[in-house]
Amino acid sequence: MTQEVKQKYGKEDSLIVIIHGGAGPQDPNKTGIEKANKALKKIAKQVVKKLIEGIPASKVACFCLQELEKDPQFNAGVGSALQSDGIPRLSASLMNGHKQSFSGVISATYLPHPSILIEKLQKRRAKVLTSPGTELLARELSLPVHSNLTEKRSKRWLKQMDKADYPSSYFDSDTVGCVIRDLKGRLTAASSTGGIGHEYPGRVGDTGTVSGNYASRFAAVAVTGKGEQITDDAVAARIETRIRDGMSLEEASNKTYQEALTKKRRYGWIAVSNKGEWGVTRTTNLLPYVVFNEKGLVDEFIPDTEIE
Ligand code: GLY
């Protein structure tokens with residue numbers, strides 16, 4: 001998909017992996033997008049290998065998020081955007097479509113890998129946690145607990161502090177995510193985020209909710225962009241319902257896209273269906289992503305040369 005094209009659809013017989021690096025990348029220039037795409041491709045290759053080995057899609061989706069959370073160029077885990085009080089508050093969610101089971105973490109402060117926790121939460125009675133449960137459970141499970149602050153994000157936050165509209169609706173960068181259709185046709189969606197950056201302290205976006213991430217036996221959808229708009233439009237759950245009720249993935253995505261355009265929304269999503277359909281759709285200018293099947297790369301985001 002070139003930058004001009006806002007919707008892209010395809011169909012695969014077997015395995016499908018789509019990974020995206022966020023609707024508003026930290027470095028929204030050609031070099032930044034190329035760097036993001038290179039990282040996405042590297043991760044996708046590892047993801048495909050694990051799926052071919054037979055590792056369950058929900059486990060592999062969390063591995064995928066962990067790799068994205070490790071890389072400070074993405075707004076997840078280490079290097080996440082900071083809220084207006086200078087604290088990163090991370091959210092993530094996993095939806096196992098086969099089991100129709102959602103788990104999530106909301107506003108975790110000291111978790112470099114909320115994705116490890118969302119996998120563990122699938123098997124617990126309380127499946128969506130916020131603080132203090134997030135850090136308590138992470139310590140109980142001997143998972144890493146430390147700050148996600150980086151120098152680059154802190155400098156960026158300080159720069160924004162000087163602007164008169166503090167606390168602002170500044171759009172720093174955005175959620176990463178993946179959708180998977182494994183070799184058995186089982187679907188999974190997973191997302192991880194540091195929010196939109198410089199938001200009101202304690203603000204919660206879409207990622208820890210079914211508006212940002214939803215999967216069933218019919219479809220899996222992961223959304224990125226302005227959380228309030230995504231929640232108002234119940235994007236992930238709405239697209240899944242449309243597909244479940246008989247629309248093709250393209251019809252469901254295009255209807256949602258037309259509605260989003262009418263409302264001047266700023267978000268995008270990746271989706272797969274049980275029939276092997278896949279799609280990437282956005283109203284934003286940028287959305288680095290890669291689509292892989294079991295043999296390799298099927299499609300990717302190609303920035304226009306004039307982005308600088
Ligand atoms: N999409 C992430 C957020 O709005 O928090």
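Both counts, for ligands and for their atoms, begin at 1 and track the order of listing. Small disclaimer: the values here were computed from a predicted structure and weren't measured.
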Note to self: Within the structure, is a non-hydrogen atom of Thr193 found at a distance of less than 4.0 Å from ligand 1?
What the structure shows: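 Thr193 counts as a contact of ligand 1 under the 4.0 Å cut-off.
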Using only atom types and a distance under 3.5 Å, with no angle test, would you say the side chain of [X] pairs donor to acceptor with the backbone of [Y]?
| X | Y | answer |
| --- | --- | --- |
| Thr209 | Gly205 | no |
| Ser80 | Gly77 | yes |
| Asn213 | Ala189 | yes |

Checklist line | Salt-bridge present (Arg139, Glu135; N to O < 4.0 Å) | finding: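 Judged by the 4.0 Å cut-off on N to carboxylate O distance, Arg139 and Glu135 do not form a salt bridge.
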Check: Are Glu151 and Lys155 ion-paired here, with the side-chain N under 4.0 Å from a carboxylate O?
Finding: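 Judged by the 4.0 Å cut-off on N to carboxylate O distance, Glu151 and Lys155 do form a salt bridge.
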Note to self: Considering non-hydrogen atoms of the protein only, which is the closest contact for atom 2 (C) of ligand 1, and what is the distance?
What the structure shows: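 Nearest protein contact, heavy atoms only, for atom 2 (C) of ligand 1 is Thr175 OG1, 3.0 Å.
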Give the numbers and elements of all ligand 1 atoms closer than 4.0 Å to a heavy atom of [X].
| X | result |
| --- | --- |
| Gly205 | 5 (O) |
| Gly225 | 1 (N), 2 (C), 3 (C), 4 (O) |
| Asp206 | 1 (N), 2 (C), 3 (C), 4 (O) |

Next item on the list: Could you say whether the N/O atoms of Ile230 and ligand 1 ever approach to under 3.5 Å?
Entry: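 No, no N or O pair falls under 3.5 Å.
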Check: What do you reckon, does Arg203 have a nitrogen or oxygen under 3.5 Å from a nitrogen or oxygen of ligand 1?
Finding: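 Yes: some nitrogen or oxygen of Arg203 is under 3.5 Å from one in ligand 1.
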Notebook entry, point to check: Between Cys62 and Leu94, which heavy-atom pair has the shortest distance, and what is it?
Noted result: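 Here Cys62 and Leu94 meet closest at SG-CD2, 3.7 Å.
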